Amino acid sequence: MSNSIFLQKDLIEVFAKAKNVFVFTGAGASKESGLPTFREIDGEWKRFDPMTFATMEGFVHDPVLVWNMYRSRQKQIAQAQPNPGHITLACMESFYSDFLLVTQNVDDLHERAGSEKMVKIHGDAWQMRCLECSGIFDVRDQDFPEEFVMETLPKCPNCGGFCRPNIVWFGEYLCAETLCLATHHASICDLMIIVGTSGEVSNGYGFAEFACDNGAKIVEINPTEGLLTEYADFWVAEPAGEALPRIWGEVLSYEF
Ligand code: OAD
């Protein structure tokens, strides 16, 4: 049962005694770094129509428009810095015998904070994928123009094919291998930490169900109630960049 009023002592004990930890993050984890979420009042999907900017149909209709939006997102990400929430999650990974962080975020703030035991299930803003040969390429150091026009759209360095952002768009499948790995870790965890996601995209349910079936405790960190809050044993209704370092500080001084 979700509960935003709980004994802090019990929450700290759950973190301190856990062995296998599964973390699931969403856009809220990067909000305190200045990156917008999607479905909040000032979210991306309020400014950009997802059918235009996050479907293959939209991309085929106007690839220049779509590439320029993702290019401006890359610039935003490049200027952002990991916040204390990202840094705390990175510190946590060496503390537990089994740990996996699964992020829906396409930014690189978890990696820049030092996370290594992690996977990205919605793609990567710094990658492009060739529509001909399916090759995936890092674009971070590419000398892209300030604004794309049709003639300057990214081409595959291997086959010259037309490329798209390597982001999972609406109506597309997640990478099966990554999903299997994530599902495996969700089903063996004894602590699932959900950070900054509305849960509107379906995978969160599946992961929370697997964790519940294994008897895991579920902790959600999110100032606002979302679709996954019903699974939470502990709902910490605070921003992640404040809650995570505070909780972790207490876990590190927990006396068994
Ligand atoms: P949403 O925009 O749906 O949800 C963001 C959540 O973050 C909300 O529940 C907020 O309450 C919460 N939040 C805001 N500030 C926070 C903070 N400081 N600390 C903790 N939580 C905070 O974003 P996602 O759930 O990530 O897909 O959306 C899932 C997917 O939908 C995204 O990965 C994206 C989108 O379509 C792709 O781009 C492929």
Side-chain angles (χ1 to χ4, degrees), residues 2 4 23-56 58-59 66-67 69-70 72-74 76-77 80-89 101-110 113 118-129 164-175 178-179 182 193-208 219-232 234-248:
S2 67
S4 65
V23 183
F24 185 55
T25 69
S30 296
K31 180 138 181 216
E32 287 153 277
S33 297
L35 299 180
T37 58
F38 291 92
R39 296 176 181 81
E40 290 185 289
I41 193 91
D42 52 354
E44 291 284 81
W45 295 153
K46 299 284 186 289
R47 291 168 59 219
F48 300 104
D49 171 23
M51 293 305 113
T52 303
F53 292 95
T55 62
M56 194 58 191
F59 181 67
V66 175
W67 257 119
M69 192 276 256
Y70 283 95
S72 71
R73 197 183 268 185
Q74 286 169 354
Q76 247 184 332
I77 294 170
Q81 297 301 327
N83 67 55
H86 294 110
I87 293 166
T88 304
L89 291 171
L101 186 156
V102 174
T103 188
Q104 301 168 90
N105 299 343
V106 299
D107 64 49
D108 58 358
L109 296 182
H110 284 304
M118 63 164 290
V119 291
K120 299 169 94 135
I121 55 168
H122 285 172
D124 190 324
W126 292 111
Q127 292 177 343
M128 66 180 187
R129 189 167 84 236
R164 57 167 275 181
N166 191 30
I167 308 274
V168 180
W169 284 332
F170 289 102
E172 298 181 336
Y173 293 108
L174 303 189
C175 165
T178 310
L179 198 53
I193 308 168
I194 303 170
V195 183
T197 180
S198 63
E200 296 272 347
V201 177
S202 56
N203 306 87
Y205 282 119
F207 297 144
V219 175
E220 179 177 29
I221 300 173
N222 191 327
T224 310
E225 189 167 1
L227 295 183
L228 301 181
T229 312
E230 63 175 297
Y231 290 97
F234 300 91
W235 169 30
V236 184
E238 290 173 51
E242 293 172 24
L244 278 165
R246 195 197 62 244
I247 293 168
W248 194 240

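This one's a predicted model, so the numbers in the text were calculated from it and none came from an experiment. Both counts, for ligands and for their atoms, begin at 1 and track the order of listing.
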> With atoms numbered from 1 as shown, which atoms in ligand 1 lie under 4.0 angstrom from a non-hydrogen atom of W45?
Replying inline: 35 (C), 36 (O)
> Between H110 and H86, what is the ring plane arrangement, given parallel below 30°, perpendicular above 60°, and tilted in between?
Replying inline: perpendicular
>> Between E172 and W169 (side chain of the first, backbone of the second, donor and acceptor by atom type, cut-off under 3.5 Å), is there such a pair?
In response: yes
>> With heavy-atom distances below 4.0 Å as the criterion, list the atoms of ligand 1 near P239.
In response: 17 (C), 18 (N), 19 (N)
> Under 4.0 Å from any heavy atom of T224, which atoms of ligand 1 are there?
Replying inline: 11 (O)
> So between E200, H122, R39, whose heavy atom ends up nearest atom 31 (O) of ligand 1?
Replying inline: R39
>> I'd like to know whether ligand 1 has W169 as a neighbour, heavy-atom separation below 4.0 Å.
In response: no
> Which ligand 1 atoms, with their elements, are less than 4.0 angstrom from a heavy-atom of A240?
Replying inline: 17 (C), 18 (N), 19 (N), 20 (C)
>> Can you tell me how the ring of F59 sits relative to the ring of W67, calling it parallel under 30°, perpendicular over 60° and tilted otherwise?
In response: perpendicular
>> For G226, state whether at least one heavy atom is located under 4.0 Å from any atom of ligand 1.
In response: no
> Between A27 and ligand 1, does any nitrogen or oxygen pair lie at a separation below 3.5 Å?
Replying inline: yes
> Of the protein's non-hydrogen atoms, which lies at the shortest distance from atom 6 (C) of ligand 1, and what is that distance?
Replying inline: G196 O, 3.5 Å
> If you measure from atom 12 (C) of ligand 1 to every heavy atom of V106, V201, N222, which option wins on shortest distance?
Replying inline: N222
> Taking the minimum heavy-atom distance to atom 18 (N) of ligand 1, which of E220, E32, K31 ranks first?
Replying inline: E32
